[in-house]
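As structure tokens, the structure follows; a few thoughts come after it.
Heavy atoms only: backbone and side chains are in, while hydrogens, waters and symmetry mates are out. In the text below, chain A, chain B and the rest are named by the order of the sequence lines, each starting its count at 1.
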2 protein chains.
Amino acid sequence: MARADELAAHSEQPGGLTRVSLSPEYRAASERVMGWMREAGMTARLDAIGNVAGRYEGERAGLPCLMLGSHLDTVRDAGRYDGMLGVICAIECVQALHSAGRRLPFAIEVLGFTDEEGVRFGVTLLGSRALAGTLDPALLEAKDRNGMTMAEALRGFGLDPARIGTAARSRGELLAYAELHIEQGPVLEAEGLPVGVVTAINGYTRMRVSIEGTAGHAGTVPMALRRDALAAAAECVLAVERAAASEPEVVATVGRLEALPGAINVIPGGARFTVDVRAPDDARRLRAAARIEKEISSICARRGVALASERTQEQGVTACSPWLIERLARAVEGEGLRVRRLPSGAGHDGMALQTIADIGMLFVRCANGISHNPAEAIRAADAAAGARVLLRFIEEFRPRELQ
Amino acid sequence: MARADELAAHSEQPGGLTRVSLSPEYRAASERVMGWMREAGMTARLDAIGNVAGRYEGERAGLPCLMLGSHLDTVRDAGRYDGMLGVICAIECVQALHSAGRRLPFAIEVLGFTDEEGVRFGVTLLGSRALAGTLDPALLEAKDRNGMTMAEALRGFGLDPARIGTAARSRGELLAYAELHIEQGPVLEAEGLPVGVVTAINGYTRMRVSIEGTAGHAGTVPMALRRDALAAAAECVLAVERAAASEPEVVATVGRLEALPGAINVIPGGARFTVDVRAPDDARRLRAAARIEKEISSICARRGVALASERTQEQGVTACSPWLIERLARAVEGEGLRVRRLPSGAGHDGMALQTIADIGMLFVRCANGISHNPAEAIRAADAAAGARVLLRFIEEFRPRELQ
């Protein structure tokens with residue numbers, strides 16, 4: 001808990017937590033995490049995309065690893081556990097092994113991924129995609145809100161954009177990837193359980209929508225002659241909300257919206273917004289996304305404004321591997337706890353890592369299901385329970401072929 | 001036209017025009033305008049709020065003045081004539097008198113007002129209110145989008161916030177205020193006329209609305225449990241649009257809207273927006289504003305989000321003085337043009353100056369009624385016609401008592 005507090009101090013703004021990738025505060029948090037890794041007997045480094053990578057060798061050097069971890073970037077005005085708890089608990093587990101002088105028949109790597117949240121460049125999972133070798137190099141030209149490209153941000157951070165390919169790892173190096181994370185939902189709290197085993201990560205569709213109307217003077221253009229881009233966008237926001245409600249368990253969110261030029265006495269000539277659609281079932285998600293696109297298109301046609309809409313990300317449901325679900329469940333039982341299996345409504349780095357490793361996830365209960373919010377909270381006892389389950393999972397871990 | 005082009009180069013961004021008050025580009029434009037004033041035989045200075053003030057003495061020094069002018073600040077991504085044309089034409093008229101060695105039985109002052117548009121601090125008519133002595137000192141604490149207060153901006157510009165009272169002028173110093181401005185509407189173009197005489201300036205009501213919902217993770221909070229501030233704001237934007245359409249000749253605009261924290265995967269916990277309502281009739285405007293407030297309040301109550309709404313500005317219809325309308329109409333006729341009287345849908349500095357002077361306004365035709373937009377355009381011949389009418393008005397001007 002103290003380490004979560006300490007990391008939370010590395011923020012863009014005082015009195016709150018915002019830590020986007022490749023920022024000075026991200027640098028400071030990374031340095032702190034690498035310090036803890038080294039105290040726990042690991043080697044630690046920043047890889048070519050800015051992930052913090054620690055390694056604890058097994059019985060001999062160079063063995064394939066069990067990879068643990070989570071992410072170190074945050075959303076704007078974030079909580080202090082989403083991401084960071086998984087990194088801190090993994091280091092804690094390695095520390096326990098190191099203190100006991102134990103080496104296992106495999107290496108352990110702990111990753112603190114960069115830009116899982118996608119806040120800075122509008123695209124998520126940058127660190128884990130680079131590690132999986134699936135980061136599209138075109139993303140190097142993606143810009144942050146200040147117009148800085150990812151390539152420029154990497155350079156400013158002391159990294160070489162031409163070398164991001166070296167962050168990629170191969171399937172042969174990884175025995176599995178297991179992540180501890182706060183639930184970010186209300187299920188475990190409702191059932192009175194400190195931890196749960198994740199069965200799958202919901203899929204999502206993300207869109208970027210841009211509407212062009214005609215800017216004009218707020219006092220002189222009659223209502224009937226207006227082509228107000230913001231009024232069109234407002235209708236679209238409500239269409240997104242309705243489309244989500246039309247399919248069970250689908251959620252859809254407009255998280256960013258910008259009106260241009262953005263003056264009190266100017267009819268907005270432009271509007272830009274994002275759409276995020278998620279579901280535990282791919283068919284339902286895709287139906288909702290198609291419905292949103294159709295409604296947005298008909299709203300813009302009716303209002304006579306130009307529309308440019310694109311799907312920026314599409315991610316199917318990510319299944320956790322049955323054998324890892326099973327091993328995590330055994331570790332939960334081993335700690336004397338009831339096993340609750342549940343899907344994840346939020347996305348996680350495992351979605352990117354599934355192309356190079358089987359994945360498993362352990363959830364820790366959080367207060368009121370709140371995350372991405374300063375009110376995000378967990379109990380110290382639950383963090384401890386999560387870390388104990390994770391340590392037991394590590395100690396009892398055997399590669400897939402040996403199940 | 002060349003001077004309008006020259007001023008347009010003093011912009012916050014290249015390739016477009018944005019010049020907010022007390023900025024470096026506002027400073028540069030002011031210096032240029034003061035140079036033109038001095039070439040036209042005037043003294044020129046910046047007053048305590050940052051207005052450019054030029055004076056051309058009459059037959060003897062210290063006579064009361066006919067005040068001319070308009071504003072030098074712009075909206076974001078503006079056109080180059082809204083405001084500037086009135087200042088440039090007034091200087092041109094004084095230049096004509098100066099070249100002919102003429103002195104009139106009154107002084108002429110030409111004002112280039114600061115912050116008519118209200119872009120920087122969200123409050124309009126700052127320069128003309130200071131000149132009228134009606135600027136609320138509490139506005140010195142108003143903040144721009146970077147959190148800088150007006151007092152700090154004045155200091156940064158080399159002005160002393162404690163001295164803004166010295167910008168105030170008294171009724172005895174002014175014989176009248178007359179402003180030339182582009183129409184910003186489609187009437188003169190539809191009737192094939194280069195100029196028109198303004199009868200009144202529409203009144204307006206402005207509001208600032210803030211909605212607080214609950215931020216949360218875009219993937220984990222079911223639709224039914226959300227309190228999405230942006231979705232509520234989107235409903236409000238459409239209510240504003242509907243309310244305007246419910247009263248004839250009323251227009252209403254949401255020009256700024258911001259969702260907080262503003263990340264693709266976070267349910268917006270906060271939303272802020274502005275409302276601008278205008279009408280040529282005070283009763284209709286106030287009915288529309290009350291309807292907007294009632295609908296916003298009921299939307300927020302139904303959605304379970306907190307609402308804070310305030311009227312930031314309230315301005316009744318401003319009538320132009322009949323004797324000035326008459327003198328401007330005679331000058332139009334004197335130039336061989338048909339007289340078209342029309343109201344102004346946009347606000348102007350005269351609204352603030354009416355407390356210390358009778359006011360009159362002359363409109364110049366603009367293309368497609370477009371303003372507050374880079375596509376704002378006028379014909380050179382229309383600018384010349386406007387300047388000739390203004391010069392004739394000045395030359396034939398007699399104080400009210402002598403009508």
Side-chain angles (χ1 to χ4, degrees), chain A residues 18 75-77 82 117-119 122 124 183-185 202 204 206 214-223 228 230-231 233-235 237-238 241 244-245 249-269 274 276 278 344-347 369-373, chain B residues 18 75-77 82 117-119 122 124 183-185 202 204 206 214-223 228 230-231 233-235 237-238 241 244-245 249-269 274 276 278 344-347 369-373:
Chain A
T18 300
V75 295
R76 296 195 177 279
D77 213 13
D82 175 354
E117 300 285 9
V119 169
T124 57
E183 180 194 349
Q184 306 177 261
N202 288 358
Y204 62 78
R206 283 175 169 176
T214 305
H217 192 288
T220 62
V221 184
M223 299 308 286
D228 182 330
L230 177 59
E235 263 200 75
V237 170
L238 298 176
E241 202 181 30
E249 295 184 284
V250 172
V251 292
T253 307
V254 176
R256 296 179 69 160
L257 188 147
E258 186 182 20
L260 301 168
I264 189 168
N265 55 349
V266 182
I267 301 162
T274 58
D276 175 303
R278 308 199 198 196
S344 169
I370 292 175
S371 70
H372 287 192
N373 187 304
Chain B
T18 301
V75 296
R76 298 198 176 277
D77 213 13
D82 174 354
E117 301 285 9
V119 170
T124 58
E183 181 196 345
Q184 308 178 257
N202 288 357
Y204 61 78
R206 282 176 170 176
T214 304
H217 191 289
T220 62
V221 184
M223 297 309 286
D228 182 330
L230 177 59
E235 262 200 77
V237 170
L238 298 175
E241 202 181 31
E249 295 183 285
V250 172
V251 290
T253 307
V254 176
R256 294 180 70 160
L257 189 149
E258 186 181 21
L260 302 168
I264 189 168
N265 54 350
V266 182
I267 301 163
T274 59
D276 175 303
R278 308 199 198 196
S344 170
I370 291 175
S371 69
H372 286 191
N373 187 303

Out of [options], which one racks up the most heavy-atom pairs below 4.5 Å with chain A?
options                                : result
B:Ala218, B:Gly216, B:Ala215           : B:Ala218
B:Thr124, B:Ile264, B:Asp228           : B:Ile264
B:Val221, B:Ile370, B:Val254           : B:Val254
B:Glu183, B:Glu241, B:Glu258, B:Glu235 : B:Glu241
B:Val251, B:Asn202, B:Thr274, B:Leu260 : B:Val251

* Against chain B, label A:Arg76 side chain, backbone, both or neither, depending on which of its atoms sit under 4.5 Å from a heavy atom there. =>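 For A:Arg76, heavy atoms of backbone and side chain both lie under 4.5 Å from chain B.
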* To do: Please state whether the side chain, the backbone, both or neither of A:Glu117 comes within less than 4.5 Å of a heavy atom of chain B.
  =>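 Its backbone and side chain both get close to chain B.
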Under a 4.5 Å cutoff for heavy-atom pairs, which residue among [options] has the most contacts with chain B?
options                                : answer
A:Ser344, A:Pro268, A:Ala259           : A:Pro268
A:Gly185, A:Gly369, A:Ala231           : A:Ala231
A:Ala245, A:Gly255, A:Gly345           : A:Gly255
A:Asp77, A:Val266, A:Val119, A:Asn265  : A:Asn265
A:Glu249, A:His217, A:Arg256, A:Met223 : A:His217
A:Gly269, A:Gly118, A:Pro261, A:Ala263 : A:Ala263

* Under the 3.5 angstrom rule, does the side chain of A:Ser371 hit a backbone N or O of A:Asp82 as a donor-acceptor pair? ->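 No, the answer is negative, given that no donor and acceptor are paired below the 3.5 Å cut-off.
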* To do: Before giving the answer on side chain to side chain contact (heavy atoms under 4.5 Å, CB included), spell out for A:Leu230 and B:Thr253 the whole-Å C-alpha distance, their side-chain angles and the decisive distance to 0.1 Å.
  => CA-CA 10 Å; A:Leu230 177 59; B:Thr253 307; over 6 Å; no
* Considering only heavy atoms, which portion of B:Val75 lies under 4.5 Å from any heavy atom of chain A: side chain, backbone, both, or neither? ->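 Just the side chain, heavy atoms under 4.5 Å.
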